[in-house]
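Values in this document were obtained by computation on a predicted structure and should not be read as measured data.
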Amino acid sequence: KIKALASILEDPIDYVYVEFLQLIYMNLIEKDYEKVIEQQLTYREELGEELFNELQHIVYAEHAYAYYFLGRYEEVIDTLKPYKIPSYLNHPLDIARSYRTYAIKALAYFKLGDIENAKREILYAVDGVKQYENLGDKRFILQAYDEIIGGNEDV
């Protein structure tokens, strides 16, 4: 239905929104992580360079999630180096998803034995979602917190 709406509206932003939803679906439902990594954001010319680069952060987040579940922890960290929470987000679901990205980065650091960076990233993620209800991404963040901090009582 969203694809149909995007084709009617003929706005590149709507097409990009469809691409984001497809990435999320492939990660969470299909768990086809290799396919997620292959996907790149399109419509660069139509969006313009500035907007394209801003929206690219959402793709980085989904790629990093896929890399994490493939056990490619260094690639998680490399992918998320330029990541920042987009300034245009205002819905709790979108904001929580963005903070989930910091939890993924924390878990990657943790798996690589870099406890200091893991703690820094997970504390930032937990702080970012503390005011939200029990959303799926918040649960993911809290589970990551338990894994990282729970095993390191000397925090």
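The salt bridge (Lys or Arg N to Asp or Glu O under 4.0 Å) search around Lys138 returns none, not counting sequence neighbours. Listed by chain and number, the residues in a side chain to side chain contact (heavy atoms under 4.5 Å, CB included) with Ala66 are Asn27, Tyr33, Val36, Ile37 (sequence neighbours excluded). Shown here are the side-chain hydrogen bond (donor to acceptor under 3.5 Å, both in side chains) partners of Lys130, two or more places apart in sequence or in another chain: Asp127. Listed by chain and residue number, nothing satisfies the side chain to side chain contact (heavy atoms under 4.5 Å, CB included) test with Glu133 (two or more places apart in sequence, or in another chain).
Heavy-atom minimum distance, Ile77 versus Ala108: CG1-CB, 4.1 Å. Across all non-hydrogen atoms, the minimal contact from Ala103 to Ala144 is CB-CB, 4.1 Å. The minimum heavy-atom distance linking Leu107 with Ile148 is given by the pair N-CD1, 3.9 Å. Between Gln40 and Glu19, the shortest heavy-atom distance links the atoms O-OE1, 4.3 Å. Of all non-hydrogen atoms in Ala106 and Glu121, the two that sit nearest each other are CB-CB, 3.6 Å. Nearest heavy atom pair, residue Ala64 against residue Ile104, reads O-CG2, 3.8 Å.
Between Tyr68 and Tyr73, the ring-plane angle classifies as tilted under the 30° and 60° cut-offs.
One finds the CD1 atom of Ile115 at 12.5 Å from the CZ atom of Arg120 (value rounded to the nearest 0.5 Å). In this structure, NZ on Lys119 lies 14.5 Å from OH on Tyr109, to the nearest 0.5 angstrom.
Tyr102 has its side chain out of reach of Leu80: every pair of non-hydrogen atoms, C-beta onward, lies at least 4.5 Å apart. The shortest side-chain heavy-atom distance between Tyr65 and Leu28 falls under the 4.5 Å cut-off. Side-chain contact check for Ile141 versus Ile122: some heavy-atom pair is nearer than 4.5 Å. Asp137 has its side chain out of reach of Tyr99: every pair of non-hydrogen atoms, C-beta onward, lies at least 4.5 Å apart. Between Gln39 and Gln22 there is no side-chain heavy-atom pair separated by less than 4.5 Å.
Proximity of the aromatic rings of His63 and Tyr60 is defined here by a centroid distance below 6.0 angstrom, and this criterion is not met.
Around the CD atom of Gln131, the shell of radius 6.0 Å holds more than 12 heavy atoms that belong to other residues, nucleotides or ligands.
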For Val59 and Leu23: C-alpha separation, side-chain torsions, deciding distance, then whether side-chain contact (heavy atoms from CB on, under 4.5 Å) applies. CA-CA 8 Å; Val59 176; Leu23 286 172; 4.1 Å; yes
Mind running side-chain contact (heavy atoms from CB on, under 4.5 Å) on Thr101 and Ile85 for me, showing each step along the way? CA-CA 9 Å; Thr101 301; Ile85 296 177; over 6 Å; no
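For residues 21-35, the pairs satisfying salt bridge (Lys or Arg N to Asp or Glu O under 4.0 Å) are Glu34-Arg72, with sequence neighbours left out.
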Atom pairs and distances, side-chain donor-acceptor, residues 89-98, under 3.5 Å, sequence neighbours left out:
{"residue": "His91", "atom": "ND1", "partner": "Leu93", "partner atom": "N", "Å": "3.1"}
{"residue": "Arg97", "atom": "NH1", "partner": "Glu62", "partner atom": "OE2", "Å": "3.2"}
{"residue": "Ser98", "atom": "OG", "partner": "Tyr83", "partner atom": "OH", "Å": "3.1"}
{"residue": "Ser98", "atom": "OG", "partner": "Asp94", "partner atom": "O", "Å": "3.3"}

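When atom types are taken as modelled, the side chain of Arg100 and the backbone of Phe140 share no donor-acceptor pair closer than 3.5 angstrom.
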